[in-house]
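Counting convention: from 1, in listed order, for ligands and their atoms alike.
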Amino acid sequence: MAGKPQIPNLAEIWNDIKSGKIISDISKSVTESQVWTSSFRHGYADTPRNRVLQIVSNVWLHLHPVKIHRHALRIKFTWCMGGITFLMFLVTVVTGVVLMFYYRPVGEYAYFDMKYLQYDVPFGMLMRNMHRWAAHSMVITVWLHMLRVFLTGSYKPPREFNWVIGVFLVTFTLLLSFTGYLLPWDQLAMWAVTVGTNMARGTPFLGHEGPFAEFVGVTSRYDARSVLLGGSLVGPPALLRFYVLHCILIPLVAGALMIVHFWRIRKDGGISGPL
Ligand code: HEM
């Protein structure tokens, strides 16, 4: 025989909510479930050794050092410029992937895709401007970071290797900016890249008008400029080459160099400090 339906006791439920019992019951059932315990090996007693274990046994947390010097957190010393440069890089990557959904690097479409993206796609203008401003900021902050490293003498041994990695990073940051400039495929882009790539004619060894060109044997048909453009003029082949360089090759190389840069900071004993 069916019993009387159980009427929940509202006063008891309210007491459980007020005392936090419901929240602690829910969090206990989540953190003790098999899904949770197989994903996160946390929850040890709070001792200094276990705190270290928590960091090193988590794939995301282990990207951070377990211990850092107190001065490494002082904005006055680092200006946080390296960190902000990295943040700007991440913003350009995320917004850049969104832009890639709408943009085709083809002579007939590129300009109109940009206009469509800017005026018709929801949040398109926001994405385009975030990409643009994050890219501009990255160029500014990378120089400020380099200036800080120079002023604090942080390029000195044992950090000279990381300074050299940094020189490559600043070069790749500028190359990212330069290759992105052609993609809107408007008059400004065409002529800016015409001027920029004309400078490649004068590259030592690799440009046909540069020093030692005759030594290597490069000609106007096959030198740094024509390889970059895929021809002798800024045309559709140049657009495709700049697109591949901008969206794939240079970000991959820059990302790999950043990984080495960050790893090396740790191996050099963390961020340098005031004497
Ligand atoms: C995409 C470009 C770059 C990124 C994302 C980046 C990122 C960082 C970060 C996060 C740090 C930790 C300290 C801080 O934030 O100041 C750092 C340190 C350092 N960076 Fe960079 N960096 C870049 C470019 C450069 C450049 C252009 C140079 C120099 C040519 C450089 C040389 C160094 C050196 C020597 C250190 C160690 C500084 C110290 O121990 O005080 N980096 N970098």
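- Those atoms of ligand 1 that come under 4.0 Å of a heavy atom in T78, given as number and element, are 16 (O).
- Close contacts of ligand 1 with M146, meaning ligand atoms under 4.0 Å from a residue heavy atom, involve 27 (C), 29 (C), 30 (C).
- Residues I55 and I265 do not share a hydrophobic cluster, clusters being chains of Ile/Leu/Val/Met/Phe/Trp/Tyr side chains in contact below 4.5 Å.
- Remark: side-chain polar atoms of R225 are not paired, donor with acceptor, to backbone N or O of M199 under 3.5 angstrom.
- Checked against atom 21 (Fe) of ligand 1, the N, O or S atom of H145 at the shortest distance is NE2.
- Counting heavy atoms under 4.0 Å from ligand 1, residue F89 does not touch it at all.
- At least one donor-acceptor pair under 3.5 Å links the side chain of R241 to the backbone N or O of V227.
- Heavy-atom proximity to M258, at under 4.0 Å, picks out these atoms of ligand 1: 1 (C).
- A donor-acceptor contact closer than 3.5 angstrom is absent between the side chains of N129 and R132.
- Residue V167 is grouped with residue F86 when hydrophobic side chains (ILVMFWY) are merged at heavy-atom distances under 4.5 angstrom, including chains of intermediate members.
- Atom numbering of ligand 1 starts at 1 in the shown order; those under 4.0 Å from a heavy atom of G83 are 10 (C), 15 (O).
- Contacts of I265 with ligand 1, taken as heavy-atom pairs under 4.0 Å, involve the side chain alone.
- Between H71 and H69, the ring planes are parallel. Angles under 30° get that label, and only those over 60° would be called perpendicular.
- The distance from ligand 1 to the heavy atoms of F86 drops below 4.0 Å at these ligand atoms: 5 (C).
- Here R159 does not pair with D268 in a salt bridge; the nearest charged N to carboxylate O distance is not below 4.0 Å.
- By the 30° and 60° cut-offs, the orientation of the rings of Y155 relative to F150 is parallel.
- When only non-hydrogen protein atoms are considered, atom 13 (C) of ligand 1 lies nearest to I271 CD1, 3.6 Å.
- Residue-ligand proximity, W163 to ligand 1, at heavy-atom distances under 4.0 Å covers atoms 29 (C), 30 (C).
- Few gaps surround CZ on F262; more than 12 heavy atoms of other groups in view lie less than 6.0 Å from it.
- Between T152 and ligand 1 there is no heavy-atom distance shorter than 4.0 Å.
- For E160, the heavy-atom gap to ligand 1 stays at 4.0 angstrom or more.
- The aromatic rings of H136 and W133 stand perpendicular to each other, their planes meeting at an angle above 60°, with 30° marking the opposite boundary.
- For ligand 1, the atoms lying closer than 4.0 Å to a non-hydrogen atom of V170 are 27 (C).
- Nearest residue to atom 22 (N) of ligand 1 from M88, H261, M138, M81 is H261 (criterion: closest heavy atom).
- Residue contact check for ligand 1: F262 places a non-hydrogen atom closer than 4.0 Å to it.
- The proximity of V149 to ligand 1, defined as any non-hydrogen pair under 4.0 Å, is limited to the side chain.
- For ligand 1, the atoms sitting less than 4.0 Å from at least one non-hydrogen atom of S154 are 35 (C), 38 (C), 39 (C), 41 (O), numbered in the order shown with element in parentheses.
- N162 contributes atom CG, which lies 9.5 Å from atom CH2 of W263 (distance to the nearest 0.5 angstrom).
- Among V142, V164, L144, N162, the residue whose heavy atom lies nearest to atom 2 (C) of ligand 1 is V142.
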